[in-house]
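Only heavy atoms go into these numbers, but all of them, side chains included; no hydrogens, no water, no symmetry mates. In what follows, every chain begins at residue 1, and chains take the letters A, B, ... in the order their sequences are listed.
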2 protein chains.
Amino acid sequence: MNVDLEDFQSNRRQGNPASNKSDEIGPRLHQLRKGRGWTLQVASKASGISASAFSKIERGELSPTISTIQRIARGFEMDVLSLLADPETQPTLLGRRSVTRAEEGKPHLSGNCDNKLLCADLKNKRITPIKTRVVARDVEEYDVWPKTDAEIFMTILSGTVVVHSKIYEPLELHEGDSMYYDASAEHVWTRKGPEEAVVLWVLTS
Amino acid sequence: MNVDLEDFQSNRRQGNPASNKSDEIGPRLHQLRKGRGWTLQVASKASGISASAFSKIERGELSPTISTIQRIARGFEMDVLSLLADPETQPTLLGRRSVTRAEEGKPHLSGNCDNKLLCADLKNKRITPIKTRVVARDVEEYDVWPKTDAEIFMTILSGTVVVHSKIYEPLELHEGDSMYYDASAEHVWTRKGPEEAVVLWVLTS
DNA sequence: ATAAAAAATATACTATAGGAAAATTTTTAT
DNA sequence: ATAAAAATTTTCCTATAGTATATTTTTTAT
């Protein structure tokens, strides 16, 4: 396949790791340990990581390996994911809301589609809403056929879209049509006809 | 300090520990990279991690540090948590799908709205899609203000809708506008203007 | 089939994670 | 206040994560 290396230039950020607050494991560990009233010795004994290493990790002087994190998680009797997920940065949605106006939306180029994430400012949503202008006219234009464990609901806002799947025959959808499917089988969309094809779809996250 | 080494015997292993399946980052990375049709060179360029290190990580010959994982996550344009979360562990309803054509939909009268459940033939969906023609012009027309613990995403297909909530000022939405909110606070919709107000919305179930 | 190209892995090295113990800081008791 | 004890950080060291390059393996073309 042809993947242009230059496409990823923008991602090659070397310098400052842990730019995202939720990525900072140090304060998170400190908070967890203190929350249980543990000293470094206790945390060390529980996890099998030396107190000095633990201290360095908490203060961000050391970036632990994943196996170290796994041992620490065991020490806290947690799984790695909940250890890394900082509840502070996982705001509950309680009573919160977000509006995206007609021509707004956070651009999100992917595959052969022009996507706009709707209400992207709200984090930790159970549903991800996206508006997509389908560009591809032929399945050949896709290098990879996406596949996730999400469920997808889509509705055609304009134009004609053909849904291709590894396990179904191609299916044509016209303006106003809706479709619900689970995306565990590879699938792609193409457009058909003269009109611009716009899909509004949501997926479970 | 006194740490009994015996306590850690079970942890002290280099070869291939990873007791928990979801802890095995190697196969997960391999799957992600291959899923995008990326070579090690491309993944290296995207993440800033050398191809050789990437290869070793995939094969479990090396336990990456959290900062390395963060860089890899950036390369894949994912957050660390979804990178580590193994989708294999989650159940799927393999390959099911349902289509509702433009003028179809299971009627479902409720409150002061004319609802059509979309793709109603598919049971146990994680998302419930509904198309609603809003009838009420005034909040007085509602006896009860619904309230659930679901999250709602709505988009206006036509007309003007006003969203009323117990905790917000009324908000006007026009054709093409979208809104995401959690429905734990009481809320109702009314319509405004001459045009028919149609809302396409989905809620988590 | 073989040659050339591309991709993956092995090697040799440097940078850094992690451990044991010493030094420092903080807490507790008097 | 000072001394003792406890907790944390520093130091110095070894083990290993990560890099650059060489080698091997796999794919593509002829």
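At whole-Å resolution of the value, CZ in A:Phe54 and P in C:dG19 are 11 Å apart. Following rounding to the nearest Å, B:Lys45 (NZ) and C:dA6 (P) show an atom-to-atom distance of 15 Å. The interatomic distance linking B:Leu62 (CG) with D:dG18 (P) rounds to 5 Å, in whole Å. If you take CZ of A:Arg71 and C1' of C:dA17, they are 12 Å apart, rounded to a whole angstrom. When the P atom of C:dA17 is taken as reference, atom CD1 of B:Ile57 falls 14 Å away, rounded to whole Å.
For the helix from C:dA1-D:dT30 to C:dT30-D:dA1, the terminal axes (five pairs an end, C1' atoms, rotation from four pairs onto the next four) enclose an angle of 40°, given to 10 degrees.
Legend: residues meeting salt bridge (charged side-chain N to carboxylate O under 4.0 Å, His left out) with A:Arg59, ordered by chain and number and at least two apart, are A:Glu61. The side-chain contact (heavy atoms from CB on, under 4.5 Å) test applied to B:Ser63 returns A:Thr65, A:Ile66, A:Ser67, not counting sequence neighbours. Qualifying salt bridge (charged side-chain N to carboxylate O under 4.0 Å, His left out) partners for A:Lys34, counting only residues two or more places apart in sequence or in other chains: none. The salt bridge (charged side-chain N to carboxylate O under 4.0 Å, His left out) test applied to B:Arg33 returns B:Glu58, not counting sequence neighbours. Not a single ring-ring contact (aromatic ring centres under 6.0 Å, His included) links B:His30 to another residue, sequence neighbours left out. For the side-chain contact (heavy atoms from CB on, under 4.5 Å) test, residues two or more places apart in sequence or in another chain that qualify with B:Leu203 are B:Thr128, B:Ile130, B:Ala150, B:Ile152, B:Trp201. The side chain to side chain donor-acceptor pair (under 3.5 Å) check on B:Ser158 picks up nothing, with sequence neighbours excluded.
The residue B:Ser50 sits close to a base: some heavy atom pair falls under 4.0 Å. Among the heavy atoms of the strands lying under 4.0 Å from B:Ala53 is at least one base atom, whether or not backbone atoms are also near.
In this structure the side chain of A:Thr190 never reaches within 4.5 angstrom of the side chain of A:Arg137, judged on heavy atoms. With contacts defined as side-chain heavy-atom distances shorter than 4.5 Å, the pair A:Val198/A:Leu200 does not qualify.
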Could you go over nucleotides 11-13 of chain C and give all protein N or O partners under 3.5 Å, atom names and distances?
unit_1: C:dT11; atom_1: O4; unit_2: B:Lys56; atom_2: NZ; d: 3.3

Atom pairs under 3.5 Å: protein N/O with N/O of nucleotides 25-29 of chain D:
none

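The two residues B:Val202 and B:Pro129 come nearest to each other via the heavy atoms CG1-CA, 3.9 Å.
Residues B:Thr65 and B:Glu58 both approach DNA chain C. Their nearest nucleotides, taken by heavy-atom distance, put B:Glu58 toward the 5′ side.
Taking the centre and axis of the six-membered ring of A:Tyr180, the NZ or CZ atom of B:Lys125 falls inside the cone set by 45° and 6.0 Å.
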Next item on the list: Sugar-phosphate atoms are those with a prime plus P, OP1 and OP2; base atoms are the rest. Using that split, label each nucleotide of nucleotides 3-8 of chain D B, S or - for protein heavy atoms under 4.0 Å, 5' to 3'.
Entry: ----SB

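For the ring-ring contact (aromatic ring centres under 6.0 Å, His included) condition, the pairs that include at least one residue of residues 46-76 of chain B, sequence neighbours left out, are B:Trp38-B:Phe76.
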Notebook entry, point to check: Yes or no on side-chain contact (heavy atoms from CB on, under 4.5 Å) for A:Ile72 and A:Ile57, after CA distance, side-chain angles and deciding distance?
Noted result: CA-CA 11 Å; A:Ile72 292 174; A:Ile57 293 168; 4.2 Å; yes

